[in-house]
Engineer: 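Before we start, here is the structure in question, set down as C-alpha cells.
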Amino acid sequence: MFIGGLNWETTDESLRTYFSQFGEVLDCVVMRDTVTNRSRGFGFLTMKESADVDKIVSQDHELDGKKIDPKHAIPRDEQDKTEKIFVGGISAEVNEDEFREFFSQFGTVMDATLMTERETGRPRGFGFITFETSEGVEEALRQPKLTIKDKAASIYTFIKYV
C-alpha cells in the first residue's frame, strides 16, 4: 500500500503500530530524503491479508495528528500494465468519486487522485487517473473535448522511460 500525507514526525515504528490494528503488517517504511534523512511525507506498507488492505482503504485515518491517505499500490511488476494520465482544469466542485466516475466511461480506473494544497486542503485544479490498460487512455484521448461539471478539462499522457 501507498500511505500519503504522513506527518514529518511519523516513524516506521509508529506507522507499523497504527496499521497493526487492522491485521498483520509484513513490512512498512517511511520514505526519507537520502541527504537530510527527513521524512518525505509518504511511505509504503505491506499487509499479510488483502482483505485487511480493502478494510484500510475504505476508512478515514489519522496518524500523529494528521489525516493520512492510504491507497492500493501498484506492484512494480504490474506497472507496465497500467496507463496514467494527467488531468488539468478541474473545477474545485469536483470530488474524487466524481472524478473517478467520469473517467470510468473510458475504461477501468485503477486509481483516481485529485491534488490538494497540503496546508489548506483546497483543490489545486489537477489530478491523475490510472487506467488498468492503455485502451482507457486511448479512448479518453479520442474525445475532442472533455467537460467535467461544466468546466473544460485537459488531459496529457505520461511517457515511460525505461
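The shown structure was predicted, so the numbers you read here are calculated from the model rather than taken from an experiment.
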Engineer: Compare all side-chain heavy atoms of Pro70 with those of Leu45 and state whether any distance is below 4.5 angstrom.
Structural biologist: no
Engineer: Calculate, to the nearest 0.5 Å, the distance between atoms CD and CD belonging to Glu138 and Glu83 respectively.
Structural biologist: 8.0 Å
Engineer: Tell me whether Asp52 contacts the main-chain N or O of Met47 through its side chain, where contact means a donor paired with an acceptor under 3.5 Å.
Structural biologist: no
Engineer: Check step by step if side-chain contact (heavy atoms from CB on, under 4.5 Å) holds for Leu146 and Phe106.
Structural biologist: CA-CA 12 Å; Leu146 293 176; Phe106 305 119; 3.7 Å; yes
Engineer: Please find the pair of heavy atoms, one from Val57 and one from His72, that lie closest to each other, and give the distance.
Structural biologist: CG2-NE2, 3.5 Å
Engineer: Is it true that atom NZ of Lys67 has more than 12 heavy atoms of other residues, nucleotides or ligands lying nearer than 6.0 Å?
Structural biologist: no
Engineer: With distance as the sole criterion, is a donor-acceptor pair present between the side chains of Glu135 and Thr133 under 3.5 Å?
Structural biologist: yes
Engineer: Does any N or O in the side chain of Lys149 come within less than 3.5 Å of the main-chain N or O of Glu93, such that one atom is a donor and the other an acceptor?
Structural biologist: yes
Engineer: State the CG-CG distance between Asp69 and Asp60, to the nearest 0.5 angstrom.
Structural biologist: 9.5 Å
Engineer: Does Arg100 reach the side chain of Ile129, with side-chain heavy atoms less than 4.5 Å apart?
Structural biologist: no
Engineer: For atom NZ of Lys48, is the number of surrounding heavy atoms from other residues, nucleotides or ligands below 6.0 Å larger than 12?
Structural biologist: no
Engineer: Thr113: what forms a side-chain contact (heavy atoms from CB on, under 4.5 Å) with it, not counting sequence neighbours?
Structural biologist: Lys71, Glu96, Asp111, Met115
Engineer: How many angstroms lie between CG in Asp12 and CE in Met31, if you round to the nearest 0.5 Å?
Structural biologist: 10.0 Å
Engineer: Pair Phe131, Val109 - check side-chain contact (heavy atoms from CB on, under 4.5 Å), show working.
Structural biologist: CA-CA 4 Å; Phe131 288 100; Val109 174; 4.0 Å; yes
Engineer: Treating Ile, Leu, Val, Met, Phe, Trp and Tyr as nodes and any side-chain heavy-atom pair under 4.5 angstrom as an edge, say whether Val29 and Leu26 lie in one connected cluster.
Structural biologist: no
Engineer: Please check if the side chain of Glu98 supplies one atom and the backbone of Asn95 the other of a donor-acceptor pair under 3.5 Å.
Structural biologist: yes
Engineer: Considering only heavy atoms from C-beta outward, does the side chain of Ile3 approach that of Phe19 to under 4.5 Å?
Structural biologist: yes
Engineer: Could you report the tightest heavy-atom contact between Gly5 and Ile68, atom names first, then the distance?
Structural biologist: O-CG2, 3.7 Å
Engineer: Could you tell me if the side chain of Ile155 sits less than 4.5 Å from the side chain of Leu141, heavy atoms only?
Structural biologist: yes
Engineer: Salt-bridged, Arg142 to Glu139, with N to O below 4.0 Å?
Structural biologist: yes
Engineer: Please find the pair of heavy atoms, one from Thr36 and one from Asp33, that lie closest to each other, and give the distance.
Structural biologist: N-OD1, 2.8 Å
Engineer: Are Met110 and Ile56 connected in the hydrophobic side-chain network, where two residues link if heavy atoms are under 4.5 Å apart?
Structural biologist: no
Engineer: Supply the atom-to-atom distance Arg40 CZ to Thr34 OG1, rounded to the nearest 0.5 angstrom.
Structural biologist: 8.0 Å
Engineer: Looking at CG of Leu114 and CG of Asp97, how far apart are the two atoms once the value is rounded to the nearest 0.5 Å?
Structural biologist: 9.5 Å
Engineer: Run the side-chain donor-acceptor check on residues 119-127: report pairs under 3.5 Å with partners two or more places apart or on a different chain.
Structural biologist:
from, atom 1, to, atom 2, distance (Å)
Thr120, OG1, Glu117, OE1, 3.0
Thr120, OG1, Arg122, N, 3.2
Arg122, NH2, Glu117, OE2, 3.4

Engineer: Return the minimal non-hydrogen interatomic distance between Gly43 and Leu6, and the atom names on each side.
Structural biologist: N-CD1, 3.7 Å
Engineer: If I take atom OG from residue Ser14 and atom CG from residue Leu63, how far apart are they, to the nearest 0.5 angstrom?
Structural biologist: 5.0 Å
Engineer: Is the shortest side-chain heavy-atom distance between Glu9 and Lys66 below 4.5 Å?
Structural biologist: no
Engineer: Can you tell me if CD on Glu101 sees more than 12 non-hydrogen neighbours from other groups inside 6.0 Å?
Structural biologist: no
Engineer: His61 and Phe22: which non-hydrogen atoms are nearest, and at how many Å?
Structural biologist: CE1-CZ, 3.4 Å
Engineer: Determine whether more than 12 heavy atoms belonging to other residues, nucleotides or ligands lie under 6.0 Å from atom CZ of Arg118.
Structural biologist: no
Engineer: How far apart are the closest heavy atoms of Arg16 and Asp27, and which atoms are they?
Structural biologist: NH2-CA, 3.9 Å
Engineer: Are side-chain heavy atoms of Tyr18 and Thr10 found at a separation under 4.5 Å?
Structural biologist: no
Engineer: Side chains of Phe103 and Ile148: does their closest heavy-atom pair fall under 4.5 Å?
Structural biologist: yes
Engineer: Are any non-hydrogen side-chain atoms of Phe102 and Val94 less than 4.5 angstrom apart?
Structural biologist: no
